[in-house]
Chemist: 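Quick one: structure below, then a few questions.
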There are 2 protein chains.
Amino acid sequence: MSNTKFATYLHILTLMAKEGDIYLSSEYLSSSINIHPVIIRKNLSELRSSGLIESKEGKTGGSKLARPAKKIKLSEIYNLVNDNSALGKSNTPNPACNVGKQINKHLEQLYETVDKKIIKALGKESLQDFANKFK
Amino acid sequence: MSNTKFATYLHILTLMAKEGDIYLSSEYLSSSINIHPVIIRKNLSELRSSGLIESKEGKTGGSKLARPAKKIKLSEIYNLVNDNSALGKSNTPNPACNVGKQINKHLEQLYETVDKKIIKALGKESLQDFANKFK
DNA sequence: TCATACTGTAACAAAAATTATTACAGTTCA
DNA sequence: TGAACTGTAATAATTTTTGTTACAGTATGA
């Protein structure tokens, strides 16, 4: 992955974990992460539809965690963010070639193995654990 | 990672593993993988400078494995391909924010943990093992 | 009830990353 | 010497990612 989505999501959630039960505005999040508030709102939208956060509209609106940080595993963030695989995308090889015909099946297998390892590793750390690292 | 580099490299190396000691042309590789021969040659260039393959110029030229497929671990391919991390890039957050100031350090740590898991998993499989999966 | 401060989302623009193409000099072989 | 390659630069096209503008909708509280 060559985007910043995982970093951004984790940053958002860490701020929420630290602030407790307060609704944080996209403007506030934006200024800490240093990316555009509309991008933040788009990210919040995905975090919301996955059930990790909840939002409130209107004047004193904003977003906060839907569950205690202790109950959010970092692997949940990875699952949201991971479109293809940690190892990237596949090609569309030549089906007339014997290797070309079969390789995507074998690649998928490899991708799955690797992704499972990542999820296992990230499943051991909660958002609370991560947030606790900050002084 | 949202590119096809890992898939392409592994495809190239699989073809070489299957063909044994023959020099394969970029044209041949290109037609199996279905990407442009110049891209293939760029990829070969990196594989070469990393010592995984060797090439021969001129008429009957091409490339082949520099070592037996049995002695090439899939983790070596990952190391070549992996610029940032499996989890992506970091942002450049606001240093005036306490979380912003520290998060990249903690992210790096996480990235490293995850990348190590990936390398460990891919280190268990050789190119030969992978190539043997093809009928 | 009305100004204020937010959210949510669409539409569009810009930038960055990835992949493709063209071009051509250099190498080896028969 | 011509044919079939490699190696690499330069440039273009495409795709992905990020940023921007715009604006309707919602809640708050003076």
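The chains referred to below are lettered A, B, ... by the order of the sequence lines, with proteins before strands, and numbering in each begins at 1. Just so you know, these numbers come straight off a predicted model, no measurement behind them.
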Chemist: Between C/dT7 and A/Arg48, is there an OP1 or OP2 to side-chain N/O distance shorter than 4.0 Å?
Modeler: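 A/Arg48 to C/dT7 OP1/OP2: no side-chain N or O under 4.0 Å.
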Chemist: How long is the line joining CG of A/Leu29 and C1' of C/dC6, in whole Å?
Modeler: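 It works out to 13 Å between those atoms.
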Chemist: Using heavy atoms to find the nearest nucleotide of DNA chain D for A/Val38 and A/Lys59 separately, return the residue whose nucleotide is more 5′.
Modeler: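 The residue closer to the strand's 5' end, by nearest nucleotide, is A/Val38.
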Chemist: How is B/Ser45 classified with respect to the nucleic acid when contacts are heavy atoms under 4.0 Å: base, sugar-phosphate, or nothing?
Modeler: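 B/Ser45: backbone/sugar contact only, no base atoms under 4.0 Å.
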Chemist: Give a yes/no answer on whether the side chain of B/Ser26 brings an N or O atom under 4.0 Å of OP1 or OP2 in D/dC5.
Modeler: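 No, because none of the side-chain N or O atoms of B/Ser26 sits under 4.0 Å from OP1 or OP2 of D/dC5.
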Chemist: State, without any angle test, whether B/Asn104 and B/Glu108 hold a side-chain donor-acceptor pair at a distance under 3.5 Å.
Modeler: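 Looking only at side-chain atoms, B/Glu108 and B/Asn104 do not form any donor-acceptor pair under 3.5 Å.
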Chemist: State whether the number of non-hydrogen atoms from other residues, nucleotides or ligands found under 6.0 Å of A/Lys64 atom NZ is greater than 12.
Modeler: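 Atom NZ in A/Lys64 is crowded, with more than 12 foreign heavy atoms closer than 6.0 Å.
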Chemist: Are the side chains of B/Ile77 and B/Leu80 in touch, meaning some heavy atoms are under 4.5 Å apart?
Modeler: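 Of all side-chain heavy-atom pairs linking B/Leu80 with B/Ile77, none is under 4.5 Å.
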Chemist: Using atom types as modelled and distance alone, determine if a side-chain donor or acceptor of B/Ser32 lies under 3.5 Å from a backbone N or O of B/Leu29.
Modeler: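 Pair absent, no side-chain N/O of B/Ser32 close to backbone of B/Leu29.
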Chemist: From the list D/dA10, C/dT7, D/dG19, which nucleotide is the closest neighbour of the side chain of A/Ile39?
Modeler: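 The answer is D/dG19, which lies nearest to the side chain.
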Chemist: Do A/Gln128 side-chain atoms and A/Pro68 backbone N/O form a donor-acceptor pair below 3.5 Å?
Modeler: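 Here the side-chain-to-backbone pair does not exist.
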Chemist: Please report, rounded to the nearest Å, how far the C1' atom of D/dC5 is from the CG atom of B/Leu24.
Modeler: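 About 13 Å, once rounded to whole Å.
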Chemist: Could you give the NZ-to-P distance, from B/Lys89 to D/dT17, as a whole number of Å?
Modeler: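 For the pair B/Lys89 NZ and D/dT17 P, the rounded distance is 9 Å.
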Chemist: Using whole Å, what does the distance between atom P of nucleotide D/dT15 and atom CG of B/Asn3 come to?
Modeler: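 Value for this atom pair: 15 Å.
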Chemist: Using whole Å, report how far CD1 of A/Ile33 lies from P of D/dT17.
Modeler: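 So the CD1-P distance, A/Ile33 to D/dT17, works out to 18 Å.
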Chemist: Below 4.0 angstrom from OP1 or OP2 of C/dT21, is there any side-chain N or O of B/His36?
Modeler: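 Yes, because at least one side-chain N or O of B/His36 sits under 4.0 Å from OP1 or OP2 of C/dT21.
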Chemist: Measure CG/B/Asn43 against C1'/D/dT6 and give the value in whole Å, please.
Modeler: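 After rounding, the reported distance stands at 15 Å.
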Chemist: Find which nucleotide of DNA chain C each of B/Lys5 and B/Thr60 is nearest to by heavy atoms, and output the residue with the more 5' nucleotide.
Modeler: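 That would be B/Lys5.
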Chemist: Starting at the 5' end of DNA chain D, which residue's closest nucleotide do you reach first, A/Lys56 or A/Ile35?
Modeler: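 Its nearest nucleotide lies further toward 5', so the answer is A/Ile35.
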Chemist: At under 4.0 Å between heavy atoms, what does A/Thr4 touch on the DNA or RNA strands: base, sugar-phosphate, or nothing?
Modeler: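 Sugar-phosphate only.
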Chemist: How many Å lie between CG on A/Asp83 and C1' on C/dA17, as a whole number?
Modeler: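 For the pair A/Asp83 CG and C/dA17 C1', the rounded distance is 15 Å.
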Chemist: How many Å lie between CD on B/Glu57 and P on D/dC5, as a whole number?
Modeler: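 Atom-to-atom, B/Glu57 to D/dC5, this comes out as 14 Å.
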